[in-house]
Amino acid sequence: MGKSSEIKETEYEKELAKVYAEEWELYQEKIVPFENIVINDAQKANDKAVYDDIAENANLGYKKSFTEAKNNTLSSMQANGVNPNSGKFKQTLSDISDNEASVTSDATARSQVAGQERYIGKMANVMAMGQGQSQEATATLSDIAQSSQRKAFNDASISQQQSDNLLGAAGAVAGAAGSYYKNLPPPKADAVINPNAATPSDINKSLVGGG
């Protein structure tokens, strides 16, 4: 009678199989639920609602910052005697509004790109976890919102400063013109006065928009 070709497991192999079974059970019980959370979180990060929320936060931040900038510029113009009905008054506020529309659109696009990078980072972490590698920190929605708020404040401040500089320059020119005409010697008794000539007040108003 021939010998059996069956190879019996050694005690070492039996113990090794037992260890593998225990590790697999532990993985299924402890690790898989965590992996599912990470995967689910990564998938949610690419949801349209997330990008809409990012855009809304950016828009609100810019609206708030530029409203403050407009109010500050309005107060500055009033303090400098600029007529609220003048073209300069309206044009200055219009320029700030145009700048707001331009930078808000750009900032919204940038913040949504940051949201997409956040999603890509989360998916990279899912792959890293599957390969037993360490995960990298990714930006949170709060991080993106705070970054957008900082840029909104900075852009609004720059826009207000540009308006203030223009107003300051106009005021300086008006002041110099007023001083010049004020210091002119009085006309001679026999001088012919042009009734249509601009007065220092007219010149000042045209320069600062007070007319």
Side-chain angles (χ1 to χ4, degrees), residues 12-76 92-166:
Y12 171 76
E13 289 173 333
K14 290 179 181 179
E15 286 300 319
L16 192 59
K18 183 179 178 181
V19 170
Y20 284 155
E22 290 175 350
E23 288 182 348
W24 178 251
E25 184 179 353
L26 179 64
Y27 172 78
Q28 293 293 326
E29 180 182 349
K30 303 293 184 182
I31 307 302
V32 169
F34 179 71
E35 286 182 336
N36 290 337
I37 291 174
V38 175
I39 292 171
N40 187 48
D41 180 58
Q43 291 173 337
K44 286 182 178 179
N46 201 39
D47 191 273
K48 180 180 180 297
V50 172
Y51 293 105
D52 289 344
D53 185 55
I54 291 173
E56 183 179 2
N57 285 335
N59 289 330
L60 286 175
Y62 271 78
K63 186 173 183 62
K64 180 177 183 297
S65 295
F66 272 86
T67 295
E68 292 176 355
K70 288 177 186 176
N71 288 338
N72 291 338
T73 299
L74 187 150
S75 297
S76 177
T92 299
L93 293 182
S94 177
D95 288 344
I96 295 179
S97 294
D98 290 343
N99 192 28
E100 176 186 1
S102 175
V103 295
T104 299
S105 176
D106 177 67
T108 300
R110 287 175 181 273
S111 64
Q112 289 186 317
V113 168
Q116 190 171 38
E117 291 174 346
R118 170 177 174 265
Y119 164 68
I120 293 173
K122 285 179 175 292
M123 291 304 297
N125 280 340
V126 170
M127 296 180 64
M129 182 172 55
Q131 297 171 0
Q133 299 174 356
S134 61
Q135 299 181 46
E136 298 293 334
T138 57
T140 65
L141 291 178
S142 178
D143 293 333
I144 295 173
Q146 289 177 7
S147 176
S148 177
Q149 293 286 342
R150 286 193 295 270
K151 192 172 189 309
F153 177 80
N154 185 59
D155 286 343
S157 296
I158 291 173
S159 184
Q160 180 188 331
Q161 184 62 49
Q162 289 173 339
S163 298
D164 290 347
N165 288 343
L166 289 174

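Treat the numbers as computed from the prediction; the structure is a model and nothing was measured. All values below come from the heavy atoms of this structure, side chains included, with hydrogens, waters and symmetry mates left out.
- Listed for the D106 side chain is no donor-acceptor partner under 3.5 Å among the backbone atoms of V103.
- At a cut-off of 3.5 Å, with distance as the only test, a side-chain donor of D143 or T140 sits close to an acceptor on the other residue.
- Side-chain atoms of S75 come within 3.5 Å of backbone atoms of N71 as a donor-acceptor pair (strictly under, hydrogens ignored).
- Within a 6.0 Å radius of OH in Y51, other residues, nucleotides and ligands contribute more than 12 heavy atoms.
- A donor-acceptor pair is defined here as one N or O able to donate and one able to accept, closer than 3.5 Å; no such pair exists between the side chain of S102 and the backbone of D98.
- For the residue pair S111 and K151, no side-chain donor N or O sits within less than 3.5 Å of a side-chain acceptor on the partner.
- Looking only at atom types and distance, the side chain of N72 has no donor-acceptor partner in the side chain of E68 under 3.5 Å away.
- Listed for the N59 side chain is a donor-acceptor partner under 3.5 Å among the backbone atoms of A55.
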Q: Any chance you could lay out the side-chain contact (heavy atoms from CB on, under 4.5 Å) test for E15 and K18, step after step, and finish with the verdict?
A: CA-CA 5 Å; E15 286 300 319; K18 183 179 178 181; 4.2 Å; yes

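- When only modelled atom types and interatomic distance are considered, E25 and Y20 share no side-chain donor-acceptor pair under 3.5 Å.
- A salt bridge is absent between K63 and E100: the closest approach of a Lys/Arg side-chain nitrogen to an acidic carboxylate oxygen does not fall below 4.0 angstrom.
- If you take CD on Q43 and CE on M123, they are separated by 6.5 Å, rounding to the nearest 0.5 Å.
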